[in-house]
Amino acid sequence: MAATQEKAPVVVCCGGGGAAAARRVDGGPGSSSRGAIVAAPAAAAAAGKVSMVSGDDPRVAAAAGGGGGAVMEEIAAAVQPTTAKVSSKGKRVKCLKWITMPVQRWTNRLVDYVNHGAISNMESALYLYAPLGTGRIPIMTRAQRSHPLDPLSAAEIAVAIATVRAAGKSPEERDGMRFVEVVLLEPEKNVVALADAYFFPPFQPSLLPRTKGSAVIPSRLPPRRAKLTVYNRQSNETSIWIVELSEVHAATRGGHHRGKVISSEVVPEVQPAMDAMEYAECEATVKSYPPFIEAMKRRGVDDMELVMVDAWCAGYYSDADAPSRRLGKPLIFCRTDSDSPMENGYARPVEGIHVIVDMQNNVVIEFEDRKLVPLPPPDHLRNYTPGETRGGVDRSDLKPLIINQPEGPSFRINGYFVEWQKWNFRIGFTPKEGLVIYSVAYVDGSRGRRPIAHRLSFVEMVVPYGDPNEPHYRKNAFDAGEDGLGKNAHSLKRGCDCLGFIKYFDAHFTNFTGGVETIENCVCLHEEDHGILWKHQDWRTGLAEVRRSRRLTVSFICTVANYEYGFYWHFYQDGKIEAEVKLTGILSLGALMPGESRKYGTTIAPGLYAPVHQHFFVARMDMAVDCKPNEAHNQVVEVNVKVENAGTHNVHNNAFYAEEKLLKSELQAMRDCDPSSARHWIVRNTRAVNRTGQPTGYRLVPGSNCLPLALPEAKFLRRAGFLKHNLWVTQYKSDEVFPGGEFPNQNPRIHEGLATWVKKDRPLEETDIVLWYVFGLTHIPRLEDWPVMPVERIGFMLMPHGFFNCSPAVDVPPGSSDADIKEAESPKVIQNGLISKL
């Protein structure tokens with residue numbers, strides 16, 4: 001304890017930063033993002049000895065910048081200027097001599113500055129430490145501008161694309177390049193731990209393993225890398241490129257691209273996801289094809305502006321669908337009025353026309369007008385626009401509902417780092433998955449910041465249809481792998497998609513030709529009131545305690561052809577995490593012959609029916625319950641509720657209990673939901689316990705669910721073997737991310753991905769656990785789903801199970817309105833009848 005009271009030398013000076021650093025010490029504006037300012041003091045505070053060193057003078061430390069006048073004045077007050085010296089540019093700058101102050105005080109001050117945003121930028125030399133007498137540690141010479149898990153910026157995407165283009169071997173190869181996806185190549189977990197320990201919030205050095213002797217801190221983080229999926233239209237080849245972005249900042253300053261190609265590899269026998277530009281080209285190709293124009297005339301349509309062509313991926317049903325050709329099998333629809341851009345064109349499906357398009361060359365390679373099915377007559381209930389524009393009248397008795405937070409939100413945002421009600425995590429975004437949640441942790445009093453999950457996302461969704469007739473039997477969309485959930489995301493609108501005090505995040509993507517596009521307000525983060533959190537009233541006294549529940553919601557919404565999907569992660573004050581999907585949009589319909597009906601769907605209007613279908617979603621959860629990065633101390637147990645057998649242990653025939661079973665290997669961990677036994681699963685830490693001595697854990701609680709309603713030989717199950725079970729558990733492996741493989745489009749390989757990975761049957765008794773939860777709903781369409789479907793909800797819950805020693809929500813304070821009511825109301829008078837009973 002005495003050591004913590006010693007004074008250690010703390011110096012603030014221009015050091016190697018020259019005049020720029022001196023200007024920042026004087027309170028001038030800084031630049032770039034913060035660095036490792038609090039890492040050293042926080043880590044060394046326990047020992048009470050901190051030595052600040054810089055590159056060229058052992059008695060000088062780095063300067064802090066961008067904090068503004070108040071912070072700089074306090075720092076300046078703690079140091080004393082000495083004589084000026086000449087910088088490398090010939091300018092005289094202030095230097096500051098050694099001073100001493102209590103390490104703990106200095107540490108606390110810097111932590112407060114960084115965590116509360118007072119110091120927002122670090123550049124040039126940064127604070128690093130070594131215990132006194134152990135020698136010098138090199139400092140960072142340039143600040144890290146992006147956390148290793150931050151989504152790629154528009155500049156980084158542009159540099160990655162320019163780097164790959166420049167690496168093309170010939171003009172023809174460069175001209176043929178089409179950029180399907182440019183995404184962050186996520187680093188190993190030890191790099192994330194290093195960043196979170198010393199360079200970025202949460203500034204937690206304890207994330208790194210302890211080492212003997214003095215601390216060794218790298219001078220900088222590894223450069224960020226981008227992974228590019230490139231389709232070459234000249235050769236019909238798909239390749240994967242890895243590009244290092246070590247000097248990508250040059251692109252934002254007018255410089256040339258400085259990326260470095262680390263590797264490139266042609267992936268044989270695959271087709272990457274389709275792009276919106278290809279969809280537009282496919283529509284134009286079909287609408288200009290003379291036999292198609294004639295077929296539409298046979299159905300009474302002369303105006304091609306009324307025709308809608310939705311280019312669906314071909315799937316894989318036979319060798320004709322092999323990935324040697326890039327194929328589209330479009331569905332055709334026809335609007336009634338060309339002057340109404342919001343008319344519901346999906347109300348008039350065109351059936352009987354068979355079309356296959358070569359998407360590589362934009363040519364129709366198969367066409368047949370097989371059956372003349374009349375277009376459904378225009379349905380007067382088909383449109384969903386406001387009031388008279390749809391031929392109806394809107395309600396007039398709906399009063400405004402205003403969400404007001406006069407003191408602002410309870411969350412804090414630093415870049416992509418979010419803090420709210422003891423929760424903290426990072427937000428990411430990818431073209432395929434959309435929203436990604438990283439480094440989820442809960443700050444639990446004296447136990448500090450406790451990790452729960454390293455990465456949460458929705459990695460695939462599949463929509464198989466149950467009508468065996470053409471064209472519906474081949475409607476089996478892999479909306480993440482074939483289209484991309486993130487690439488089809490919306491720009492959200494305040495007051496409609498989200499309410500309250502909202503923080504939006506933009507998303508950046510490449511388009512097919514290599515341009516960079518930005519979806520503004522793509523991710524929405526806001527707080528929501530969620531009813532009662534907890535309540536109890538003492539029936540004797542009439543006194544009650546009640547708390548309102550609040551949750552933090554992070555979400556995005558995407559449109560894939562006719563359907564909309566909203567993906568939500570909710571964080572609760574009692575430690576729960578809820579994953580929710582909201583389904584809405586327009587049904588994918590079929591046309592009927594006069595007098596025809598089908599048992600594989602619901603008749604919606606004359607000549608119009610909606611086939612039965614299912615929606616499946618796959619959530620991938622890289623868990624880390626009470627585990628630091630690179631610790632592998634988790635396991636999964638299955639819990640089933642059993643009724644006790646009749647006998648001496650159940651003399652009243654009422655006994656039941658929860659039975660746990662450890663899932664020891666990957667093949668044992670292919671499990672299904674069972675509501676009859678209240679089945680759930682717990683991810684436990686094998687080395688951390690709660691106050692009763694039981695392992696800490698988090699419980700996966702299923703919501704409503706289903707399994708595929710198809711025979712085992714169904715063609716879509718070749719590519720979607722992961723749908724055969726509701727739960728899969730695997731050992732963590734960085735390249736095992738997408739359950740149907742990285743390229744499900746036209747994939748001829750059976751059960752590629754998750755169903756093949758688990759055949760290794762890796763042990764799970766104590767390891768780095770990844771949960772794959774498959775959940776879905778069976779949609780039997782209703783008339784009430786037309787013309788636009790009211791939201792259907794489906795999801796699951798991650799719930800603390802012995803993770804805390806008591807309810808973490810017991811410390812939520814009463815709301816201001818609750819306190820006012822308590823002051824205004826007198827204690828409840830107990831009725832005479834109750835007194836007589838007592």
Side-chain angles (χ1 to χ4, degrees), residues 146-153 156-157 181-189 191-193 195-196 200-201 224-227 229 273 413-418 420 423-441 451-461 479-481 483-490 492 503-510 519 521-525 552-558 565-571 577-581 617-624 629 732-739 742 768 770-773 795-796 798:
S146 298
H147 186 278
L149 294 177
D150 284 352
L152 293 180
S153 67
E156 287 176 313
I157 294 172
E181 181 181 82
V182 182
V183 67
L184 174 74
L185 181 63
E186 295 177 13
E188 295 297 328
K189 293 181 180 181
V191 175
V192 177
D196 289 347
F200 295 93
R224 282 156 59 87
R225 293 184 174 184
K227 178 181 177 182
T229 301
I413 309 295
N414 188 332
Y416 291 93
F417 184 71
V418 179
W420 178 83
W423 288 104
N424 57 67
F425 54 86
R426 288 191 170 275
I427 288 177
F429 205 86
T430 73
K432 194 173 291 185
E433 303 157 278
L435 178 63
V436 181
I437 306 293
Y438 297 106
S439 304
V440 180
I452 295 168
H454 177 70
R455 192 183 194 277
L456 306 173
S457 70
F458 296 96
V459 288
E460 189 56 272
M461 60 171 291
D479 286 337
D483 291 284
L485 302 178
K487 290 183 72 171
N488 287 282
H490 296 177
L492 301 176
K503 166 63 179 177
Y504 289 110
F505 298 85
D506 298 343
H508 308 288
F509 302 102
T510 175
I519 302 176
N521 299 348
C522 185
V523 173
C524 170
L525 182 144
L552 184 71
T553 295
V554 194
S555 63
F556 82 103
I557 302 173
C558 67
Y565 301 96
F567 296 90
Y568 298 78
W569 291 97
H570 304 293
F571 295 84
I577 304 171
E578 182 183 10
E580 183 182 35
V581 181
F617 306 89
V618 184
R620 179 183 181 272
M621 295 167 280
D622 182 358
M623 302 300 292
Y732 169 78
K733 196 169 184 295
S734 60
D735 60 350
E736 294 180 356
V737 178
F738 300 105
E742 192 161 1
D768 192 347
V770 178
L771 299 179
W772 309 75
Y773 182 62
F796 62 92
L798 291 173

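The side-chain heavy atoms of Val554 and Phe505, taken from C-beta on, include no pair separated by under 4.5 Å. With a 4.5 Å cut-off on side-chain heavy atoms, Val192 and Tyr438 do not count as touching.
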Next item on the list: Go through the steps for Lys487 and Ile519 under the test side-chain contact (heavy atoms from CB on, under 4.5 Å), then give the verdict.
Entry: CA-CA 9 Å; Lys487 290 183 72 171; Ile519 302 176; over 6 Å; no
Check: Does the ring pair (Phe, Tyr, Trp, His ring centres under 6.0 Å) test come out yes or no for Phe417 and Phe200, once each step is laid out?
Finding: CA-CA 9 Å; Phe417 184 71; Phe200 295 93; 9.9 Å; no
Checklist line | Steps toward side-chain contact (heavy atoms from CB on, under 4.5 Å) verdict (Tyr565, Asn488) | finding: CA-CA 10 Å; Tyr565 301 96; Asn488 287 282; over 6 Å; no
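Checking each of Asn424, Asn414, Val418 against Pro201 for a side-chain contact (heavy atoms from CB on, under 4.5 Å) leaves exactly one that passes, namely Asn414.
In this structure, Phe556 has its ring center closer than 6.0 angstrom to the ring center of Phe429. A ring-centre distance under 6.0 Å is found for Phe425 and Phe571.
Salt bridge status for Glu433 with Arg620: absent, with no side-chain N to carboxylate O gap under 4.0 Å.
Applying the disulfide bond (SG atoms under 2.5 Å apart) criterion to Cys558, with sequence neighbours excluded, gives no partner residue. His570 is linked by a ring-ring contact (aromatic ring centres under 6.0 Å, His included) to Tyr568, counting only residues two or more places apart in sequence or in another chain.
In plain terms, the two heavy atoms of Pro431 and Phe509 that are nearest each other are CA-CE2, 3.5 Å. Considering all non-hydrogen atoms of both residues, Phe458 and Leu485 come closest at O-CD1, 4.3 Å. Between Leu552 and Leu525, the shortest heavy-atom contact is CD1-CD2, 3.8 Å. Nearest heavy atoms, Glu156 versus Pro151: OE1-O, 4.1 Å. Between Leu152 and Arg225, the closest heavy-atom pair is CD2-O, 4.5 Å. Closest approach of Val182 and Ala226 over heavy atoms only: CG1-CB, 4.3 Å.
In this structure, Lys432 contributes its side chain and Glu742 its backbone to a donor-acceptor pair below 3.5 Å. At least one donor-acceptor pair under 3.5 Å links the side chain of Glu460 to the backbone N or O of Ala480.
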